[in-house]
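Hydrogens, waters and symmetry mates play no part in the numbers below; they use all other heavy atoms, side chains included. We count ligands from 1, going down the list as the structure has it; atoms in each ligand are counted the same way.
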Amino acid sequence: MSQHPFAVGGPALAQRRNLVTEIPGPASRQLLERRQRSVARGLSHVLPIFVTAAGGGVLIDADGNSLIDFGSGIAVTTVGNSAEAVVTRITEQVAQFTHTCFMVVPYEGYVEVCEELNRVTPGAHDKRSALFNSGAEAIENAVKIARHATGRPAVVVFDHAYHGRTNLTMAMTAKNMPYKDGFGPFAGEIYRAPMAYPFRWPGGPARCAADALGVVRDLVHAQVGEHNVAAVVIEPVQGEGGFIVPPPGFLPGLADYCREHRIVFIADEIQSGFCRTGDWFACDHEGVVPDLVATAKGIAGGLPLAAVTGRAEIMDSVHAGGLGGTFGGNPIACAAALGAIETMTKEDLPAAARRIGDIMLPRLRAMAQHHPVICDVRGRGAMIAIELVKPGTIEPDATVAAKVAKACHAAGVIVLTCGTYGNVLRFLPPLVISADLLDEGLSVLEDTFSQV
Ligand SMILES: Cc1ncc(COP(=O)(O)O)c(C=O)c1O
């Protein structure tokens, strides 16, 4: 039984940073001891405080501390925790029915979510959607569908990619530790190309888009054969790999290349989608229309839901019964998604994400002027990061990133790290965070840089 049965979260929570104990406090430490005895070690925590309520831009822990949330549970609570429309719709749905399995007996909520996905994802063409439980499952299914539609085996992915932790998605993910180490053998027919990473491109950022496209063409031609490639899978802004924004022209060029060779272009918008980057999807910034889009995370206000949405002829190439799963598109998760999408539309959350970026980017750039350890400030909308290096070099400095993150946590601001080299601090505030709280979180970050 919870020690805090009556804690209530949501937007009505006081929007302030307020520490009443050290972080983590005694109640969290006690829960952590129970956690160590009962939960597998392989699951780790960014910060071991135990949450009792959350909403807007704050998390409340078991000791009564109120922390500013710059993580959104890794880009999930885009509409805020326990957002009003999400809670209302879930509550109604829970009272009606909790599960039938869409493959046994269908229900309207599932269809409605698919209609919404077909509407909001890039492109005005005829689309179909299918719902799943997690981002990794969506990627697995997107690849299944592309292989089935094309009759081809190969899949092209990129350096720094993150697509999940299942066997196929581990193979597609680039980074060994902690995601892949000791978990092989991995699925076959995955080919990796260099990512168009402007900051680290050997010929410099100006040459990055054209060079990187050339490398993809050469690599596929020489090592795979275009006619063997079912799909190219890319995060339009890379997430775990370091919030890498490809240079203008790279994504449109890749989409053209795929069209030329009848390769299915799959956008993994699991982290970048649903208003996060200041548009509904990151592909929208350059008018790129993928054949298939994988979504999850921000889609349902925190409930587990994922989707593949794409061209009707590709999606419907799969025979009846070829896709599915017991829980995929659970009615409560669908109700939550409808509440989340309603909130994103009514409150114009793409504009909210752009406002967040407009506040964060100049402040972070100013910090970079004073702290040469910050070598790159990048991102779109409310998906922003700073990359840290040993000053005067491009040598990644993961130690300083970890130190800054730890100091922010101790001061009551939840920030996350990422990057292949662990040297990137990423910021993913809920899009409903107030400007005051955002400013305060940035001031804490600034102070922290002066200390480490
Ligand atoms: C871009 C991207 N793809 C796939 C995944 C995997 O999603 P999940 O953790 O829901 O399986 C993630 C999760 O972080 C992600 O960021």
Once you round to the nearest 0.5 Å, how far does [atom1] of [X] lie from [atom2] of [Y]?
| X | Y | atom1 | atom2 | answer |
| --- | --- | --- | --- | --- |
| Arg192 | Met172 | CZ | CE | 9.0 Å |
| Glu395 | Tyr421 | CD | OH | 11.5 Å |
| His160 | Met195 | NE2 | CE | 8.5 Å |
| Phe70 | Ile356 | CZ | CD1 | 9.0 Å |

Write down, by chain and number, every protein residue that brings a non-hydrogen atom to less than 4.0 Å from an atom of ligand 1. Ser134, Gly135, Ala136, Tyr162, His163, Gly164, Glu235, Glu240, Asp268, Ile270, Gln271, Lys297
Can you establish whether the number of heavy atoms outside Lys406 located under 6.0 Å from its atom NZ is more than 12? no
Asn176 and Asp181: side chain donor to acceptor below 3.5 Å: yes
